[in-house]
There are 2 protein chains.
Amino acid sequence: MARRYDRGVSARPEVTLAQRKRQLVADELSEAALQLLAQKGFDGVTIDEIAATAGVSKRTFFRYFASKEDVVVQFLADMGTGMRAELAGRPEGEPPSVALRHAVWVSMAVCADRSDHAARALSVVQLILRTPALRARFLERQAQWRDELAAELGTRLDLDPDTELYPRLAAGMALTAFDTVLHRWSDSDGTADPSDLTDRTFAVLGAALDAVG
Amino acid sequence: MARRYDRGVSARPEVTLAQRKRQLVADELSEAALQLLAQKGFDGVTIDEIAATAGVSKRTFFRYFASKEDVVVQFLADMGTGMRAELAGRPEGEPPSVALRHAVWVSMAVCADRSDHAARALSVVQLILRTPALRARFLERQAQWRDELAAELGTRLDLDPDTELYPRLAAGMALTAFDTVLHRWSDSDGTADPSDLTDRTFAVLGAALDAVG
DNA sequence: AGCGCCTTGACACTGAGTGCCAGTAGCGGC
DNA sequence: GCCGCTACTGGCACTCAGTGTCAAGGCGCT
């Protein structure tokens, strides 16, 4: 998809003008959408309104985002890719519980730093968690991450994810942890420490089902 | 799922004529929808078509089901209620892993019996799992079940689900198990034994994260 | 200037989902 | 019988999400 042209002559970045333009429109749309949706609720805003605010037509909106839900969920896409990348980068012999804990922790890192970006992440997460349509789409995205994590675990442990049960279950547990941490963080309005929550969650998971703690 | 009333006679004075009529329409709609959707795909059928097949108007369809997704997902609602009921009915001192395993097993029981009903369940599950919009809604429903299971676990273990992490995590693990079993069963076209799958899944979960196997 | 390539806006269209209203069938009470 | 009361229904009009199509315009290249 993102093909790089080394023709980047005078301009510093290796991207063409058209690509940067496209990114600009995408950012503008995302900005407008998140702002309006957080303010007026998911059903209180139309696509026409979002597009108009961003200065484009409704038709153009759908050239950048597949649906109204997509523009919101897309905002958190980094979490998934970051999670998988971190897992893939973990040392080979590391036990799954540790590797997965780091993977979850990294994807929560966006929420941890004290910046505008974190504040925006909080409002987006809260919007998602209290809007059924968005929560559904977000869960679907998580299911996708789970499959990717399972695949990664499969190669790490040399287990076939289609035959063995462990990779998918372990990935599912990690995602359960992630989801729980996200909920707690959201409910605390961002005051809870994601890092601490993650550690405590994996402390329970590591000890597993029968050891209540 | 379709509630069966003894279509016998003038017994059942508890239920008025109007109520049975209403149930009849709901069954007819559900029947028509499942039939058509499984045959032509989720996007290949319109609500008008479903309603016409059931002999009612489109407007009436939406008086029985909230959305096109709802008519499908509703069909599996029993699984959730059954799961919670089984957990609530388990002996008091039983360890969570055993109680949860039974809860999951009970909700899979519908798939286990060799009848028309099981065949229908299979086609519905397969339809859901390969239709993104349905999968999303189904996952949302599962999230709801997880909250209920967590609440039930909280009372069983005398832990506050809003403070302690364990109930929600354990419920999440059970749902992960459920989802995995359902996927495997669906992928095997119903040839795999749900009971066996459940046992093997919980064998892994009980041993927990770091014990590969 | 000329030719592609990509992006855009405008228009028309389908289909989901909702609000509203008039008609009607069942179930009382009188 | 007749009169409400309630619940269910179909039809209509409407909003809005999402898609196909087409003509037009900017930009790079020769």
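Chain identifiers are assigned alphabetically (A, B, ...) following the order of the sequence lines, protein sequences preceding nucleic acid strands; residue numbering begins at 1 within each chain.
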Over all atoms of both residues, closest heavy-atom pair of B/Thr176 and A/Arg168: CG2-O, 4.5 Å

Between A/Glu31 and A/Arg120, is there a salt bridge with N-O shorter than 4.0 Å? yes

Flag the pair B/Asp199 and B/Arg101 as a salt bridge only when some basic side-chain nitrogen lies within less than 4.0 angstrom of an acidic carboxylate oxygen. yes

A/Leu197 versus A/Ala192, closest heavy-atom pair with distance: CD1-CB, 3.8 Å

Do B/Arg22 and B/Tyr64 form a cation-pi contact, if we require the NZ or CZ to be under 6.0 Å from the six-membered ring centre and within 45 degrees of the ring's axis? yes

Confirm from the modelled atom types if A/Arg59 and D/dG20 form a donor-acceptor pair under 3.5 Å, side chain to base only. yes

Taking A/Asp196 first and then A/Arg200, would you say they form a salt bridge - that is, a charged N and a carboxylate O separated by under 4.0 Å? yes

N/O to N/O distances under 3.5 Å, protein versus nucleotides 22-29 of chain D:
none

What's the CD-C1' distance between A/Glu49 and D/dT15, to the nearest Å? 13 Å

According to a strict under-4.0 Å criterion, is A/Tyr64 in side-chain N/O contact with OP1 or OP2 of C/dT8? yes

Rounded to the nearest Å, what distance is computed from the CD atom of residue B/Glu69 to the C1' atom of nucleotide C/dG17? 11 Å

What integer distance in Å separates B/Asp70:CG from C/dA16:C1'? 14 Å

With sugar-phosphate meaning primed atoms plus P, OP1 and OP2, does A/Ser57 contact a base, only sugar-phosphate, or nothing at under 4.0 Å between heavy atoms? base

How long is the line joining CG of A/Leu36 and C1' of D/dC16, in whole Å? 16 Å

Quick one: A/Ile47 CD1 to C/dA16 C1', roughly how many Å, whole number? 14 Å

Within this structure, what is the OG1-CG distance for the pair B/Thr191 and B/Leu122, rounded to the nearest 0.5 Å? 9.5 Å

With a non-hydrogen cut-off below 4.0 angstrom, is B/Phe65 in contact with a base, only sugar-phosphate, or nothing? nothing

Out of C/dG9, D/dA17, C/dT18, which has the shortest distance to the side chain of B/Phe62? C/dT18

Is it true that a side-chain atom of A/Ser186 and a backbone atom of A/Leu182 form a donor plus acceptor pair closer than 3.5 Å? no

Can you give me the bend angle of the helix from C/dA1-D/dT30 to C/dC30-D/dG1? Use the axis through the first five pairs and the one through the last five, nearest 10 degrees. 10°

Nearest whole Å is fine: how far is C/dG15 P from B/Ile50 CD1? 12 Å

What I want to find out is whether A/Asp70 reaches A/Arg141 closely enough, with some N-O distance under 4.0 Å, to be called a salt bridge. yes

In whole Å, what is the span from the NZ atom of B/Lys68 to the C1' atom of C/dT14? 11 Å

Tell me the interatomic distance from A/Gln23, atom CD, to C/dC6, atom P, rounded to whole angstroms. 18 Å

Counting only distance, no hydrogens or angles, is the base of D/dG10 paired donor-acceptor with the side chain of B/Lys58 under 3.5 Å? no

Assert: residue with more 5' nearest nucleotide on DNA chain D, out of B/Thr60 and A/Phe61, is B/Thr60

Before accepting this row, confirm whether a basic side-chain N of the pair B/Glu86/B/Arg90 lies closer than 4.0 Å to the acidic partner's carboxylate O. yes

